[in-house]
Amino acid sequence: MCALSQAQETRKAPARAPATFDQIAKRANQAREADRLGEAIDLYQQGLRMRPNWAEGWWNLGTIFYDQDRYTEGRDAFRHVVALDPKNAAASGLLGLCEFQTREYQRSLVDLQRARLLGMPRGQQVTSVVRYHAAILMTRFEQFEVAYDILREFAAEGDESPNVIEAFGLNILR
């Protein structure tokens with residue numbers, strides 16, 4: 001192609017202005033809602049490079065990673081959320097669950113307990129999961145009475161799932 005043709009070609013395609021943070025955030029949310037999670041991850045990461053203190057972006061990125069069983073990446077994202085919003089019980093809970101999966105049990109217990117103290121929302125599945133893992137870790141760290149009290153909450157709700165029964169058994173057998 002000659003230099004003149006290249007110049008004409010360049011004039012035909014207007015140069016795109018770089019996307020603004022708001023545009024990227026909107027596209028990331030749209031991709032997440034449309035279940036285009038790979039695209040959403042890329043867009044959230046791009047937005048977070050532009051605005052590292054974007055708590056909602058870290059939260060959404062963390063939940064995508066958690067749902068995909070990518071616990072190390074989820075842990076890192078939730079650590080950002082907790083650093084930006086230390087009173088976010090759900091973020092502390094999900095951080096603790098990610099740490100449990102990455103076998104960081106001591107840190108996991110600290111974060112799960114923080115989530116419980118901050119007040120996890122009642123009636124949500126993640127609340128039960130946080131409570132269950134806290135009880136398992138308390139038993140592991142020989143805090144049997146505290147673990148038993150947590151497990152009694154499941155009994156009071158009528159939860160007789162095999163996991164809860166097993167957790168009671170491990171706790172009672174010490």
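Because the structure is predicted, anything quoted here is derived from the model rather than measured.
Shortest non-hydrogen contact noted between G74 and C98 is C-SG, 3.8 Å. When all heavy atoms of R114 and S92 are compared, the closest pair comes out as NH1-OG, 3.2 Å. In terms of heavy-atom proximity, A89 sits nearest to L118 at CB-CB, 3.6 Å. Looking at every heavy atom in both residues, L43 comes nearest to A31 through CD1-CB, 4.4 Å. In terms of heavy atoms, S108 sits closest to L137 at OG-CD1, 3.4 Å.
Linking Ile, Leu, Val, Met, Phe, Trp and Tyr residues whenever their side-chain heavy atoms come within less than 4.5 Å places L61 and L84 in a single cluster. Taken together through direct or relayed side-chain contacts under 4.5 Å among Ile, Leu, Val, Met, Phe, Trp and Tyr, L151 and V126 form part of one hydrophobic cluster. Transitive grouping of hydrophobic side chains (ILVMFWY, heavy atoms separated by less than 4.5 Å) keeps Y148 and I165 in distinct clusters. Placement of V146 and F154 within a single hydrophobic cluster is found when ILVMFWY residues are connected by side-chain heavy-atom separations under 4.5 Å, directly or transitively. Both Y66 and Y105 belong to a common hydrophobic cluster when Ile, Leu, Val, Met, Phe, Trp and Tyr are linked at side-chain heavy-atom distances under 4.5 angstrom.
Atom CZ of R122 and atom CE of M120 lie 11.0 Å apart (nearest 0.5 Å). The distance from the CZ atom of R70 to the CD1 atom of I41 is 4.5 Å, given to the nearest 0.5 Å. Interatomic distance, Q101 CD to T72 OG1, rounded to the nearest 0.5 Å: 10.0 Å. Between the CG atom of L109 and the CD atom of E104 there is a distance of 13.0 Å, given to the nearest 0.5 Å. Rounded to the nearest 0.5 angstrom, Q68 CD and L37 CG are separated by 5.5 Å. For the atom pair CD (Q143) and CG (N171), the distance works out to 11.0 Å, reported to the nearest 0.5 Å.
In this structure, the side chains of E73 and D76 stay at 4.5 Å or more apart for every pair of heavy atoms. By the 4.5 Å heavy-atom criterion applied to side chains, Q23 and F21 are not counted as neighbours. For the pair V81/L95, no side-chain contact is recorded, criterion being any heavy-atom separation below 4.5 Å from C-beta on. W58 has its side chain out of reach of F78: every pair of non-hydrogen atoms, C-beta onward, lies at least 4.5 Å apart.
At most 12 non-hydrogen atoms from other residues, nucleotides or ligands lie less than 6.0 angstrom from CZ of R103.
Applying the salt bridge (charged side-chain N to carboxylate O under 4.0 Å, His left out) rule to pairs touching residues 20-37 yields R36-E39, sequence neighbours excluded.
The closest donor-acceptor contact from the side chain of N60 to the backbone of E56 lies under 3.5 Å. Judged purely by atom type and a 3.5 angstrom limit, N88 has no side-chain atom pairing as donor or acceptor with the backbone of V82.
Under the 3.5 Å distance criterion, with hydrogens and angles disregarded, a donor-acceptor pair is assigned to the side chains of Y71 and D69. If you check the side chains of D159 and S161, you find a donor sitting under 3.5 Å from an acceptor.
In summary, E99 and R79 engage in a salt bridge, as defined by a charged side-chain N under 4.0 Å from a carboxylate O.
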> For R116 and I150, what are the C-alpha separation, side-chain angles and deciding distance, and is it a side-chain contact (heavy atoms from CB on, under 4.5 Å)?
Replying inline: CA-CA 11 Å; R116 289 175 45 79; I150 294 171; 3.5 Å; yes

> Could you go step by step and tell me if Q113 and M138 meet the side-chain contact (heavy atoms from CB on, under 4.5 Å) rule?
Replying inline: CA-CA 10 Å; Q113 284 297 89; M138 295 246 182; 3.0 Å; yes

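None of F65, W54, W59 except one satisfies the ring pair (Phe, Tyr, Trp, His ring centres under 6.0 Å) rule with Y44; the exception is W54.
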Mind listing the side-chain donor-acceptor pairs of residues 127-136 below 3.5 Å, one per line with the distance, residues two or more places apart or on another chain?
residue, atom, partner, partner atom, Å
T127, OG1, P121, O, 2.4
S128, OG, R131, NH2, 3.4
R131, NH1, E153, OE1, 3.2
R131, NH1, E157, OE2, 3.0
R131, NH2, E157, OE1, 3.0
R131, NH2, E157, OE2, 3.2
H133, ND1, V129, O, 2.8

